[in-house]
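Working notes, beginning with the structure itself.
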Amino acid sequence: QLEFITPFQLYFNPDLIFRKFQIWRLITNFLFFGPLGFSFFFNMIFLYRYCRMLEEGSFRGRTADFVFMFLFGGFLMTLFGLFASLFFLGQAFTIMLVYVWSRRNPYIRMNFFGLLNFQAPFLPWVLMGFSLLLGNSIIIDLLGIAVGHIYYFLEDVFPNQPGGKKLLLTPSFLKMVFDTPEEDPNYNPLPEDRPEHLPRDQDQHEQQHPQ
């Protein structure tokens with residue numbers, strides 16, 4: 001927005017990525033939402049709102065799984081971008097988050113600008129229709145819905161089917177980086193590591209009768 005860089009340095013271009021080694025385009029194409037305007041703020045609000053609700057809801061305490069969903073969705077969108085003329089995928093990423101949240105909260109009633117009342121699973125389709133009314137292409141919205149559905153099916157539906165199993169396994173290195181280790185319930189701390197407010201007679205008793 002300050003014109004330090006231009007969108008031409010950010011957009012998704014497979015030729016520049018693989019031949020000119022401009023690897024940053026794999027990430028920056030998700031970060032540009034167009035010039036300041038209604039569409040820009042609309043995407044920012046939805047991205048913040050539904051990313052937060054997912055993180056505080058079904059992904060609470062599962063940061064590594066949350067990050068893995070980002071990587072999985074971004075990977076599928078990038079693959080599709082190789083075969084379609086899509087330059088920026090940020091809006092598709094937002095729709096993916098909205099789709100996953102809406103399918104995991106199917107009974108929540110939604111109100112869209114005071115005009116429509118519907119249940120949460122219809123929200124991605126309402127957003128696509130609104131985008132169509134604004135004159136935008138719905139290909140990017142359909143991509144977000146498709147990737148969101150693939151993730152939701154593999155993560156929430158298929159493992160619960162007869163003969164199904166969990167196919168999306170979060171890599172262990174992501175869990176090492178993002179998830180705090182679980183405390184061992186059998187761990188007996190050293191005396192110097194115990195809280196100072198521990199009664200002296202209880203502390204002496206534990207030293208005389210260690211577990």
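The first residue of the sequence shown is numbered 1, and numbering continues consecutively from there.
A salt bridge does not link D156 with R103: none of the charged nitrogens is closer than 4.0 Å to a carboxylate oxygen. Under 4.0 Å is where a charged nitrogen must lie from a carboxylate oxygen, and between K175 and D179 no such pair does.
Between F88 and T28 there is no side-chain heavy-atom pair separated by less than 4.5 Å. Side-chain contact between D141 and L132 is absent, with no heavy atoms from C-beta onward closer than 4.5 Å.
The hydrophobic cluster containing M96 also contains F12, counting ILVMFWY residues as joined when their side-chain heavy atoms lie under 4.5 angstrom apart, directly or transitively. Under the 4.5 Å side-chain heavy-atom criterion for Ile, Leu, Val, Met, Phe, Trp and Tyr, F18 and F21 are members of distinct hydrophobic clusters. By the rule that hydrophobic residues join a cluster once side-chain heavy atoms approach within less than 4.5 Å of another member, L47 and F30 end up as members of one cluster. Both F41 and L97 are part of a single hydrophobic cluster, where members link through side-chain heavy atoms under 4.5 Å apart.
The neighbour count for F38 CZ, taken as heavy atoms of other residues, nucleotides or ligands under 6.0 Å away, is above 12.
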Atom pairs and distances, donor-acceptor, side-chain atoms in residues 65-87, under 3.5 Å, two or more places apart:
residue, atom, partner, partner atom, Å
D65, OD1, T170, OG1, 2.4
D65, OD2, R62, NE, 2.9
D65, OD2, R62, NH2, 3.2
T78, OG1, G74, O, 2.7

Would you give me the side-chain donor-acceptor pairs under 3.5 Å for residues 112-123, sequence neighbours excluded?
residue, atom, partner, partner atom, Å
N117, OD1, N111, ND2, 2.8

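Below 30°, between 30° and 60°, or above 60°: for Y99 and H149 the angle between ring planes is above 60°, a perpendicular geometry.
Judged as a ring pair (Phe, Tyr, Trp, His ring centres under 6.0 Å), and not counting sequence neighbours, F33 has no contacts. Partners of K20 by salt bridge (Lys or Arg N to Asp or Glu O under 4.0 Å), not counting sequence neighbours: none found. Under the ring pair (Phe, Tyr, Trp, His ring centres under 6.0 Å) criterion, Y152 pairs with no residue, sequence neighbours left out. For S137, the side chain to side chain contact (heavy atoms under 4.5 Å, CB included) criterion is met by I139, not counting sequence neighbours. Legend: residues meeting ring pair (Phe, Tyr, Trp, His ring centres under 6.0 Å) with Y151, ordered by chain and number and at least two apart, are absent. Residues passing the side chain to side chain donor-acceptor pair (under 3.5 Å) test with E55, sequence neighbours excluded: none. Residues satisfying the salt bridge (Lys or Arg N to Asp or Glu O under 4.0 Å) criterion with E3, sequence neighbours excluded, are absent altogether. Take N160 and apply the side chain to side chain donor-acceptor pair (under 3.5 Å) test, not counting sequence neighbours, and it matches no residue.
Applying the 4.5 Å side-chain rule to ILVMFWY residues, one finds that Y107 remains a lone member of its cluster.
A donor-acceptor pair is defined here as one N or O able to donate and one able to accept, closer than 3.5 Å; such a pair exists between the side chain of N13 and the backbone of L16.
Applying the side chain to side chain donor-acceptor pair (under 3.5 Å) definition to pairs two or more places apart or across chains, those involving residues 33-50 are Y48-R52.
To the nearest 0.5 Å, the span separating CZ on F93 from CG on N29 amounts to 11.0 Å.
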